[in-house]
Amino acid sequence: MTDVRSNGISLATPSPSGAAWQRQAKLWSSLKEVCDLLRISARITNDDFQFQHMQFKAGQRIHTIGQPFDMLYIVNSGFLKTVMIDELGNEQVLGFPMKGDMFGIDGIHRKQYSTETVALTNCDVILVPFKIFSTLGRTHAELEAAIYGVMSRELVREQGMIGTLGSLSAEARVARFLVFLSERFAEMGYSGSQFNLRMTRQEIGNYLGLTLETVSRTFSAFNAIGMISVDQRAIVIHDLQSLRTLRRLPPSRVRAKADSAKKRAEAAAAAAATTQPMAAA
């Protein structure tokens, strides 16, 4: 079997150089490591294949619309966004690939990418030449089926979000998005209740079909009623189940009452903390 190293992989977007982050990055992954990253199980009798890693800085494009298709990509670390751009230059965010996700599958049909993927943070991406994938499929039927399962998983996730956009209120869309992030972070072994947003509110709104103002206002409302705490991009989820089942926010007067009660409780706690040392003295 031909080693992936001998295939002369080249991309239109150069890898960033000079950063300590890049020097510490992994350069190659075995087939088994790739399968583990994709969360698939397949019996591998020959693990000679080595897949190249490539590092990208925030803002760099991994592939562009119209670029000839020859590569599938797997996120090893970092966060990205996949977008479609219409003839007027309007951008539609389609997804936010993160660790363990595969992207680039939109290029299979027409042999060119119909979307582009941009790094939101410094990223480490594994390159899977499609010719190599085809070779593996001919000799590892079980592995081929598992990879197609991964592709299907990505499509189902997209379809689920499309269904969400069409049937839920603005507040419920934001709530489901936070639940989605919580579950994904937990899958990756991180905290599902406390994390930083890697995308802007503008990008979240674009993805959910909402304005930036609506996303910001909804975050503030969730914070006021105690579902989450927000500090710029830092999110702490206090009531995941309520976010999961929320259909609409309670009326503003109810939220104001809850916010007032929350402030009184915080003030009482602060007062108790200041009087306790005096009583001890």
Side-chain angles (χ1 to χ4, degrees), residues 2 4-15 29 31 34-35 37-40 42 49 51-56 59-76 78-120 123-166 199 203 206-209:
T2 305
V4 176
R5 296 181 193 230
S6 65
N7 280 270
I9 296 170
S10 63
L11 289 180
T13 307
S15 174
S29 279
L31 179 56
V34 169
C35 289
L37 182 61
L38 291 173
R39 306 186 300 281
I40 60 177
F49 278 88
F51 295 91
Q52 184 183 0
H53 288 238
M54 195 166 184
Q55 288 77 50
F56 296 86
Q60 283 192 297
R61 287 167 172 75
I62 287 71
H63 65 78
T64 58
I65 297 172
Q67 179 181 325
F69 168 77
D70 62 352
M71 198 79 62
L72 297 171
Y73 305 89
I74 302 170
V75 184
N76 186 54
F79 295 82
L80 308 95
K81 67 175 180 179
T82 297
V83 302
M84 184 177 290
I85 302 175
D86 65 21
E87 62 276 6
L88 298 178
N90 299 312
E91 180 180 293
Q92 174 62 54
V93 178
L94 301 177
F96 297 103
M98 55 189 77
K99 185 176 180 179
D101 288 345
M102 175 183 287
F103 62 94
I105 61 177
D106 60 280
I108 296 175
H109 175 53
R110 295 185 177 178
K111 307 304 179 187
Q112 65 180 26
Y113 299 103
S114 59
T115 64
E116 70 177 31
T117 302
V118 184
L120 294 176
C123 295
D124 183 89
V125 176
I126 300 174
L127 314 181
V128 181
F130 193 68
K131 287 182 179 179
I132 299 301
F133 167 68
S134 300
T135 299
L136 285 169
R138 288 192 293 270
T139 55
H140 296 73
E142 181 184 356
L143 176 61
E144 181 182 43
I147 295 293
Y148 280 130
V150 171
M151 294 180 185
S152 177
R153 183 173 70 199
E154 304 300 333
L155 292 175
V156 167
R157 188 177 292 158
E158 275 191 21
Q159 290 171 349
M161 184 52 64
I162 291 172
T164 295
L165 294 180
M199 62 293 291
E203 289 165 335
N206 187 298
Y207 180 56
L208 297 176

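The structure displayed is predicted, hence computed values, not measured ones.
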Would you say the side chain of [Y] lies within less than 4.5 Å of the side chain of [X], judging by non-hydrogen atoms?
X	Y	value
His63	Tyr73	yes
Arg39	Val150	no
Met102	Leu38	yes
Leu127	His53	no
Val125	Ile74	no
Leu80	Ile62	yes
Leu136	Leu31	yes
Cys35	Leu143	yes

Donor-acceptor under 3.5 Å ([X] side chain, [Y] main chain):
X	Y	value
Asp124	Asn76	no
Gln92	Asn206	yes
Gln67	Thr64	yes
Ser134	Phe130	yes

Looking at [atom1] of [X] and [atom2] of [Y], how far apart are the two atoms once the value is rounded to the nearest 0.5 Å?
X	Y	atom1	atom2	value
Glu154	Asp106	CD	CG	11.5 Å
Asp70	Gln112	CG	CD	12.5 Å
Leu94	Thr117	CG	OG1	9.0 Å
Gln55	Gln60	CD	CD	10.5 Å
Ser114	Met84	OG	CE	5.0 Å
Ser152	Ile147	OG	CD1	12.5 Å

Exercise. Heavy atoms only: give me the nearest Ile40-Ala146 pair and the separation to one decimal.
Key: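 Smallest interatomic distance, heavy atoms only, reads CD1-CB, 3.8 Å.
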Nearest atoms (heavy-atom pairs only) where Pro97 meets Val75: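 Closest pair (atom of Pro97, atom of Val75, distance): CB-CG2, 4.0 Å.
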Could you go step by step and tell me if Met199 and Val93 meet the side chain to side chain contact (heavy atoms under 4.5 Å, CB included) rule? CA-CA 11 Å; Met199 62 293 291; Val93 178; over 6 Å; no
Got a salt bridge between Lys81 and Glu91, using NZ or NE/NH1/NH2 to carboxylate O under 4.0 Å?
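Between Glu91 and Lys81 there is a salt bridge, with a charged N closer than 4.0 Å to a carboxylate O.
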**Prompt:** Is the distance between the ring centroids of Phe79 and Phe96 under 6.0 Å?
**Reply:**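 Distance test on ring centres: not under 6.0 Å, no.
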In terms of the angle between their ring planes, are Phe51 and Phe49 parallel, tilted or perpendicular, with boundaries placed at 30° and 60°?
parallel
Note to self: Which label fits Tyr113 and Phe69: parallel for a plane angle under 30°, tilted from 30 to 60°, or perpendicular past 60°?
What the structure shows: perpendicular
### Task
Show your working on salt bridge (charged side-chain N to carboxylate O under 4.0 Å, His left out) between Arg157 and Asp101 and close with a plain yes or no.
CA-CA 11 Å; Arg157 188 177 292 158; Asp101 288 345; 3.1 Å; yes
From CA spacing to verdict: side-chain hydrogen bond (donor to acceptor under 3.5 Å, both in side chains), Thr82, Thr115: CA-CA 7 Å; Thr82 297; Thr115 64; 5.4 Å; no
